Amino acid sequence: MADQKIPVVILGAGAYAVVIQEMLNARTDVTVLGCTDKALGQSERSSDEGKPLKILGDDDILPELAEQNPGLRAVLALGPELMDVRQKLMGVLRREQIEPLTVLHPSAVVSTLAQIGEGTVVREQAAVSAGSVIGPCGLINLGASIDHDAKLSANVYVGQGAKIASNVQVGESVVIEMGASINSRVSIGQGARIIGGAFVNTDVPDHAVMVGVPARLVRYED
């Protein structure tokens, strides 16, 4: 039927899952089946009181869910400490032919000339300007801003209030923490982490951890 709702599963059962479920519940075109949780609902993340999450099983249940729910879509709900898990789950979705679902909060300001990749979540009061390209399965957090012609690869986490200036290039699986700022025309290598509050005005190598104002390299991620 033309008005049939899209079945959606949320991957993760922590605080981000609650946020994303609330965003999805406001939509009329989807129905949330529940969440997957590696700890099967026994972890502190998913068992806190007041978190209305239905735990369907661990991630191994995805093939079964896809078979039972034709057209199943998925949304990643994992934070910056689980970037490797996010990347792994992207591979699982590709293998099982489950398409990720894009989720935009109504208060986000996204230019019609920007491109938002499948599975990316853009949260409250975030802004994405014209010409910017956000890769698949990213997370643009509360109040973050991405200026014109910035290019973010897949699985990029942008923290609350972070600012990415024009013509910035960001590699895959990068974490830009809360309040960090990236100056114009800077390139950030894949797997890098920009610590909260840092100001980056030079190119960043792959897997580098950057701290301070101006940001300096303090170590490399494994």
Side-chain angles (χ1 to χ4, degrees), residues 5-27 29-48 50-105 108 116-124 126 134-142 144 152-160 170-177 190-191 193:
K5 292 187 176 183
I6 301 168
V8 179
V9 59
I10 298 172
L11 307 185
Y16 274 118
V18 177
V19 171
I20 290 171
Q21 178 170 277
E22 183 180 37
M23 294 170 65
L24 291 173
N25 285 344
R27 291 176 51 166
D29 62 329
V30 303
T31 181
V32 179
L33 303 177
C35 305
T36 62
D37 179 25
K38 186 176 181 180
L40 290 176
Q42 301 304 310
S43 69
E44 182 180 353
R45 294 182 301 110
S46 58
S47 60
D48 289 349
K51 292 186 176 180
L53 300 175
K54 179 180 179 181
I55 310 300
L56 301 170
D58 65 15
D59 299 329
D60 293 337
I61 201 173
L62 285 172
E64 180 182 343
L65 288 176
E67 183 176 354
Q68 294 174 349
N69 300 275
L72 180 69
R73 308 287 290 273
V75 184
L76 295 176
L78 301 167
E81 71 284 358
L82 295 171
M83 298 301 286
D84 55 338
V85 179
R86 290 176 61 93
Q87 192 165 31
K88 177 183 177 182
L89 286 172
M90 289 169 62
V92 172
L93 295 180
R94 286 192 295 268
R95 184 178 71 239
E96 300 299 332
Q97 298 183 333
I98 301 172
E99 292 187 20
L101 179 73
T102 303
V103 185
L104 307 179
H105 194 275
I116 306 297
E118 290 296 317
T120 286
V121 175
V122 182
R123 290 193 58 196
E124 300 92 324
I134 313 298
C137 296
L139 177 54
I140 312 301
N141 250 302
L142 288 153
L152 280 60
S153 300
N155 193 32
V156 171
Y157 175 95
V158 181
Q160 295 94 324
V170 180
E172 188 169 339
S173 298
V174 165
V175 173
I176 301 172
E177 292 185 358
Q190 67 178 3
R193 181 177 289 261

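Residues: numbered from 1 along the sequence shown. Computed over heavy atoms, backbone and side chain alike; hydrogens, waters and symmetry mates excluded. Please read all numbers here as calculations on a predicted model, not as lab measurements.
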**OP:** Any side-chain hydrogen bond (donor to acceptor under 3.5 Å, both in side chains) involving residues 59-76? Give me the pairs, sequence neighbours left out, ordered by first then second residue.
**Re:** Thr36-Asp59, Glu64-Gln68, Arg73-Glu118
**OP:** Taking the side chain as every heavy atom from C-beta outward, state whether Leu72 and Leu33 have any pair of such atoms under 4.5 Å apart.
**Re:** yes
Grab the two heavy atoms, one from [X] and one from [Y], that are nearest each other, plus how far apart they are.
| X | Y | result |
| --- | --- | --- |
| Ile140 | Ala126 | CG2-CB, 4.0 Å |
| Thr120 | Gly138 | OG1-N, 3.0 Å |
| Met90 | Ala154 | CE-CB, 3.9 Å |
| Gly119 | Pro100 | CA-CB, 3.5 Å |
| Ala74 | Leu93 | CB-CD2, 3.8 Å |
| Ala144 | Val158 | CB-CG1, 3.7 Å |

Original post:
In this structure, which one of Val75, Leu53, Asn25 forms a side-chain contact (heavy atoms from CB on, under 4.5 Å) with Val32?
Top reply: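 Going through Val75, Leu53, Asn25 one by one, the side-chain contact (heavy atoms from CB on, under 4.5 Å) with Val32 is satisfied by Asn25 alone.
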**OP:** Applying salt bridge (Lys or Arg N to Asp or Glu O under 4.0 Å), name anything that partners Arg193, two or more places apart in sequence or on another chain.
**Re:** Glu177, Glu221
**OP:** Could I get the full list of salt bridge (Lys or Arg N to Asp or Glu O under 4.0 Å) partners for Arg94, not counting sequence neighbours?
**Re:** none
Original post:
With sequence neighbours left out, what residues match Leu142 under side chain to side chain contact (heavy atoms under 4.5 Å, CB included)?
Top reply: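 Counting only residues at least two positions away or on another chain, Leu142 forms a side chain to side chain contact (heavy atoms under 4.5 Å, CB included) with Arg123, Glu124, Gln160.
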Subject >> Non-neighbouring partners of Gln190 that pass side-chain hydrogen bond (donor to acceptor under 3.5 Å, both in side chains), sequence neighbours left out >> reply: none
Nearest 0.5 angstrom please: [X] [atom1] to [Y] [atom2], how far?
| X | Y | atom1 | atom2 | answer |
| --- | --- | --- | --- | --- |
| Leu24 | Arg27 | CG | CZ | 6.5 Å |
| Leu89 | Cys137 | CG | SG | 9.5 Å |
| Leu139 | Met83 | CG | CE | 8.5 Å |
| Asp37 | Ile55 | CG | CD1 | 5.0 Å |
| Arg86 | Leu78 | CZ | CG | 6.0 Å |
| Ile98 | Leu65 | CD1 | CG | 7.5 Å |

Original post:
Is the backbone N or O of Ser173 less than 3.5 Å from a side-chain atom of Ser153, with the two atoms forming a donor-acceptor pair by type?
Top reply: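 Flag not set: sc Ser153 to bb Ser173 has no pair under 3.5 Å.
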List the atom pairs, with distances to 0.1 Å, where a side-chain N or O of residues 8-23 and a protein N or O form a donor-acceptor pair under 3.5 Å, not counting sequence neighbours.
| residue | atom | partner | partner atom | Å |
| --- | --- | --- | --- | --- |
| Tyr16 | OH | Asn141 | ND2 | 3.0 |
| Tyr16 | OH | Tyr157 | OH | 2.8 |
| Gln21 | NE2 | Pro52 | O | 2.7 |

